[in-house]
Visitor: 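Can you read through this structure? Questions will come right after.
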Amino acid sequence: MIQLLFTVLSAEVGVAVALLFKTPLRKLVILGLDRFKRGRGPVIAKTVAGTVVIVLASSLYSMAKIRSRSAEFGALTPTDQVLMSRHLLEASIMGYSLFLALIIDRLHHYIRELRGLRKSMEAVMKHNRVLEETKRGGSDKIKTRDSEIASLNEQIKNLKFESEERMKEARAAEANVMALRKQSDDLLIEYDRLLEDNQNINNQLVAFN
């Protein structure tokens, strides 16, 4: 019985140490515990734990009986001392075994939660990275659009300036045309006057002859 309890306790210590340190053995232990908890493992574990608790209670009851018997006789006999030591050793090993089993269960649970949290954090960080890249791409597009708009505004300003220059040139050309037209009208009037004078002179010459 004591050898079996020592074997179980040593195995539990090994599992607990494997769970505490991040080694390749830790992954194997976690996989083994996962498989153990998926099937009928929890029922078996509860049955074994219940049996150990019953045996522990029996050992404690035997120790209490031995003490009560020693109280009646005033001292422990050698046989009672051996039995007392044996029951005390068995009770201690079973108590440590139950405690280690609880620690292993909690360690496995916390490790699984940490792995789930890490995966969630990685997914969130990846999503944030995608959002930042999208935001950067959008800002780049906005900057590109702003530069395009600025260049278009500059082109519009240049076109306005050129159109104003063209309008000034057109107005100047129009003024020149009006001046030339006025000059042509004056020349036509002068030509008509000269024709009229020439006609009068001819008439006078005819009359004189």
Visitor: Under the side-chain hydrogen bond (donor to acceptor under 3.5 Å, both in side chains) rule, what pairs show up with a residue in residues 43-67, not counting sequence neighbours?
Guide: none
Visitor: Going by salt bridge (charged side-chain N to carboxylate O under 4.0 Å, His left out), name the pairs with one or both residues in residues 117-130, residues two or more places apart or in two chains.
Guide: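 Those involving residues 117-130 do not exist here.
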Visitor: Which donor-acceptor pairs under 3.5 Å do side chains of residues 27-42 form with protein atoms, sequence neighbours excluded?
Guide:
{"residue": "D34", "atom": "OD1", "partner": "H108", "partner atom": "NE2", "Å": "2.6"}
{"residue": "K37", "atom": "NZ", "partner": "D105", "partner atom": "OD1", "Å": "2.7"}
{"residue": "K37", "atom": "NZ", "partner": "H108", "partner atom": "ND1", "Å": "3.0"}

Visitor: Please name all residues satisfying side chain to side chain donor-acceptor pair (under 3.5 Å) with E154, sequence neighbours left out, ordered by chain then number.
Guide: none
Visitor: At their closest point, which heavy atom of M63 faces which heavy atom of L88, and how far apart are they?
Guide: CE-CD1, 3.6 Å
Visitor: Taking the side chain as C-beta and beyond, is there a heavy-atom pair between L89 and I93 under 4.5 Å?
Guide: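 In short, these two side chains touch, coming nearer than 4.5 Å.
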Visitor: Could you work out, with salt bridge (charged side-chain N to carboxylate O under 4.0 Å, His left out) as the rule, every residue matching R86, not counting sequence neighbours?
Guide: E90
Visitor: State which residues pass side-chain contact (heavy atoms from CB on, under 4.5 Å) with Y110; sequence neighbours excluded, sorted by chain then number.
Guide: R106, E113
Visitor: How would you list, by chain and number, every residue that makes a side chain to side chain donor-acceptor pair (under 3.5 Å) with S97, sequence neighbours excluded?
Guide: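 S97 satisfies side chain to side chain donor-acceptor pair (under 3.5 Å) with E12 only.
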Visitor: Can you list everything that forms a side-chain contact (heavy atoms from CB on, under 4.5 Å) with V17? Sequence neighbours excluded, please.
Guide: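 V17 satisfies side-chain contact (heavy atoms from CB on, under 4.5 Å) with V13, F21 once adjacent residues are dropped.
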Visitor: Show the nearest heavy-atom pair for residues A91 and L60, with the distance to one decimal.
Guide: CB-CD2, 4.3 Å
Visitor: Could you list all the salt bridge (charged side-chain N to carboxylate O under 4.0 Å, His left out) pairs where at least one residue sits in residues 47-63, not counting sequence neighbours?
Guide: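 The answer is none; no pair qualifies.
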Visitor: Not counting sequence neighbours, which residues clear side-chain contact (heavy atoms from CB on, under 4.5 Å) with V82? List them please.
Guide: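 Checked V82 against side-chain contact (heavy atoms from CB on, under 4.5 Å); zero matches.
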